[in-house]
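Since the structure comes first, as structure tokens, the remarks are kept for the end.
Proteins come first, then strands; the chains are lettered A, B, ... in the order of their sequence lines, and each starts at number 1.
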4 protein chains.
Amino acid sequence: MTVKKSEGKREQILRAAEKVFAEKGFQDATIADIVGRAKVSEATLYEYYSSKEDLLFRIPGDLTSEQKKEIEFVFDHIRGAANKMRAFIYHNLWFWQTHPDYASVALVILKQNRKFINTESYRIIYDTYQMMLPVIEEGIESGEFKAGTNPKLVLSMILSIIEYITVNKILHGTPENLLEYVDPITDQILGGIRA
Amino acid sequence: MTVKKSEGKREQILRAAEKVFAEKGFQDATIADIVGRAKVSEATLYEYYSSKEDLLFRIPGDLTSEQKKEIEFVFDHIRGAANKMRAFIYHNLWFWQTHPDYASVALVILKQNRKFINTESYRIIYDTYQMMLPVIEEGIESGEFKAGTNPKLVLSMILSIIEYITVNKILHGTPENLLEYVDPITDQILGGIRA
Amino acid sequence: MTVKKSEGKREQILRAAEKVFAEKGFQDATIADIVGRAKVSEATLYEYYSSKEDLLFRIPGDLTSEQKKEIEFVFDHIRGAANKMRAFIYHNLWFWQTHPDYASVALVILKQNRKFINTESYRIIYDTYQMMLPVIEEGIESGEFKAGTNPKLVLSMILSIIEYITVNKILHGTPENLLEYVDPITDQILGGIRA
Amino acid sequence: MTVKKSEGKREQILRAAEKVFAEKGFQDATIADIVGRAKVSEATLYEYYSSKEDLLFRIPGDLTSEQKKEIEFVFDHIRGAANKMRAFIYHNLWFWQTHPDYASVALVILKQNRKFINTESYRIIYDTYQMMLPVIEEGIESGEFKAGTNPKLVLSMILSIIEYITVNKILHGTPENLLEYVDPITDQILGGIRA
DNA sequence: GATGAATGAGAGTTCATTCAT
DNA sequence: CATGAATGAACTCTCATTCAT
């Protein structure tokens with residue numbers, strides 16, 4: 001597997017873009033800002049990325065599949081739907097908390113970009129989230145969760161509250177530790193569905 | 001009741017802006033787009049609004065205080081914390097569903113505008129949402145809800161799932177009826193807190 | 001002699017324009033500024049004056065011929081070229097000092113307007129200044145001034161220093177009394193030409 | 001000696017701006033006029049200068065300190081206050097005559113720009129002019145000039161007449177040779193102060 | 001005579017992108 | 001492989017002027 005050009009420089013540009021997009025938003029971030037932070041020339045940036053939007057869409061990169069693998073790993077090693085749900089919530093909050101720039105880009109910028117929905121990255125993220133659905137279904141089958149539970153709605157509620165508190169932290173700059181929410185959220189969700 | 005200039009034209013411009021902002025986002029929307037839709041000249045737009053951002057911030061306008069009054073009215077005429085919560089969820093989903101352009105502007109554009117947070121409109125919206133807190137607290141006191149319930153978290157979960165499904169509908173253009181979610185959401189939330 | 005429209009309003013607009021032009025310069029002054037100060041509508045302004053430039057050129061108005069008459073009167077009642085010169089310098093400094101807005105307009109704005117040179121007002125001002133020339137010539141003939149004195153240069157020096165200190169006062173906002181310069185200037189000029 | 005970007009182009013733009021400002025004045029000159037004359041694009045102009053006003057303020061550039069050095073050189077090599085004064089007048093008239101566009105910009109546009117007063121260029125010009133003061137004072141002390149001579153007034157008269165005839169030539173486009181005024185002006189000034 | 005309302009025409013400025021070296 | 005330099009295309013906003021009433 002050969003790679004052209006310097007992968008170091010490619011990564012350097014991507015990390016600079018992530019930072020700048022996170023700080024200023026997509027439109028207010030300029031190519032000049034990004035190359036300034038990446039210490040390369042504007043022309044060089046265009047050697048690696050075909051456009052500003054291309055750069056944006058490549059930010060999720062390998063993180064998405066890594067996250068998918070991690071969730072898969074966790075689900076493989078934990079028993080019980082409720083436990084898996086708690087782990088899922090934990091993992092997501094931990095992930096956003098430890099990747100604040102990426103969180104800004106993913107949850108604020110990419111979230112509302114209609115073109116992003118057609119990218120591979122989006123599909124992987126989507127698939128990752130969908131992995132919760134069979135977990136909930138199995139919980140229902142096993143009797144751990146109430147019959148009548150709507151798995152999609154429960155997943156939506158989990159994802160929405162995770163996003164909500166993450167974005168709130170980003171936008172308002174509060175210093176709170178998101179992991180403190182793991183148990184309250186999990187318990188509240190479970191409270192509504194536990195058999 | 002005297003009005004300066006043509007209130008009709010003022011409103012016409014505002015509705016055009018709402019539509020265009022909803023379709024393209026704030027940055028991608030141009031003044032040319034807005035005046036094209038409003039059938040006025042660019043200069044005329046600036047007779048009524050001092051800048052593109054001014055136009056954006058005036059979109060919530062009276063809707064916010066109307067919404068607040070409606071929620072107050074509802075809370076005054078309904079007994080029981082759980083019933084009030086269901087009505088709150090209903091009212092909000094109904095409101096976003098019947099004002100889809102405003103929903104786009106409010107939930108996608110204004111949501112992440114740091115300057116908007118300092119406007120009167122934001123304060124009213126914030127106050128409206130906060131009206132749920134005493135309802136939950138009273139529910140706890142009356143024994144209708146479990147002791148140990150965290151009112152703020154419950155409110156966050158309500159607001160987050162409402163936003164989540166509204167924004168999803170907007171961004172993915174799905175034709176679903178948001179009101180179908182009123183009972184599932186309410187029941188799921190209540191399930192976690194009902195005594 | 002009939003006049004159309006209200007002469008009061010015409011004058012009101014002109015005085016407002018003089019003030020605004022003096023404060024902001026021609027380009028930075030807006031019609032909105034002027035009608036705001038004059039308490040009339042923009043359309044009304046255009047009933048009286050055909051354009052912003054027309055308004056500017058009409059500011060000198062009757063002041064120029066009044067000034068001419070006053071200089072003529074002074075020259076008729078004073079004997080001696082040196083005395084007339086001192087009176088001329090006095091009168092000009094006094095005039096600019098007592099008409100600071102007009103001074104700004106005339107010496108800063110109109111001075112450098114190539115079109116103004118072709119107006120009647122400019123001709124009257126020019127004629128007024130030229131009235132000093134025969135005075136100097138008579139001074140030479142009568143032996144009061146040195147033979148070989150260049151009347152035009154002397155007049156230029158008089159006018160230039162008057163303008164110079166007037167404009168300096170205007171631009172730098174110094175509170176000095178221009179009349180204190182009458183004797184020093186006159187004596188310095190005379191020193192170079194007195195026989 | 002390294003230079004960023006093409007100094008040739010930077011100078012080319014500056015000379016075009018000088019010409020256009022001289023011909024039309026600051027406000028009537030457009031960026032389009034300037035780039036048209038400089039044969040570069042508007043965007044290129046903004047690569048070199050941050051704004052139209054920046055461009056204006058950079059026109060004096062090195063000329064001001066060169067002029068100062070030249071006056072210093074002249075004062076160092078000429079003996080006698082009267083001789084120095086004549087040289088000062090000569091040098092200034094020669095300078096404006098040989099730099100007519102700069103004269104327009106400096107004496108008509110920059111002269112009345114309040115912000116320009118706070119620039120380094122203004123300070124240098126001011127200092128250059130102030131160099132005449134000690135010359136006059138020394139003339140008084142040595143007995144070459146009359147006791148009681150007011151150095152500041154004399155300098156004002158020198159500067160004012162130089163400006164006056166220079167600006168008159170610029171605005172009226174007369175073809176006269178300004179150097180013909182050196183002796184008449186010097187003699188007239190000296191006439192009023194020579195002991 | 002007076003004006004509220006509307007606008008055409010243009011201004012200065014920005015920035016993602018490209019090309020010659 | 002890297003980049004300095006250049007720009008086309010757009011943007012928001014301004015304002016003198018006009019017209020219908």
Side chain of D/Gln12, backbone of D/Ala38: donor and acceptor closer than 3.5 Å? yes
Taking the six-membered ring of C/Phe57, is the NZ or CZ of C/Lys115 close enough (under 6.0 Å from the centre) and on axis enough (within 45°)? no
Pi-cation contact, B/Tyr49 with B/Arg10 (under 6.0 Å, within 45°): yes
Taking only N and O in the side chain of A/Ser41, is any of them less than 4.0 Å away from OP1 or OP2 of F/dG4? no
Taking NZ in D/Lys52 as the centre, count heavy atoms belonging to other residues, nucleotides or ligands within less than 6.0 Å. Is the count above 12? yes
Pair D/Glu11 + D/Arg15, salt bridge at N-O below 4.0 Å: yes
Below 4.0 Å: OP1/OP2 of E/dA5 and any side-chain N or O of B/Lys9: no
Hey, does the side chain of D/Glu47 reach the backbone of D/Ala43 with a donor-acceptor pair shorter than 3.5 angstrom? no
Does anything in residues 14-39 of chain C reach DNA chain F, meaning a heavy atom under 4.0 Å, and if so which residues? C/Ala29, C/Thr30, C/Ile31
Residues A/Lys111, A/Glu163: salt bridge by 4.0 Å N-O rule: yes
Is A/Asp33 salt-bridged to A/Arg37, cutoff N-O under 4.0 Å? no
May I ask you to evaluate whether D/Tyr46 reaches the phosphate of E/dT14, defined as a side-chain N or O under 4.0 Å from OP1 or OP2? no
With pairs defined as Watson-Crick or G-U wobble and both distances under 3.5 angstrom, please note down DNA chain F as a dot-bracket string, | for pairing with another strand. .||||||||||||||||||||
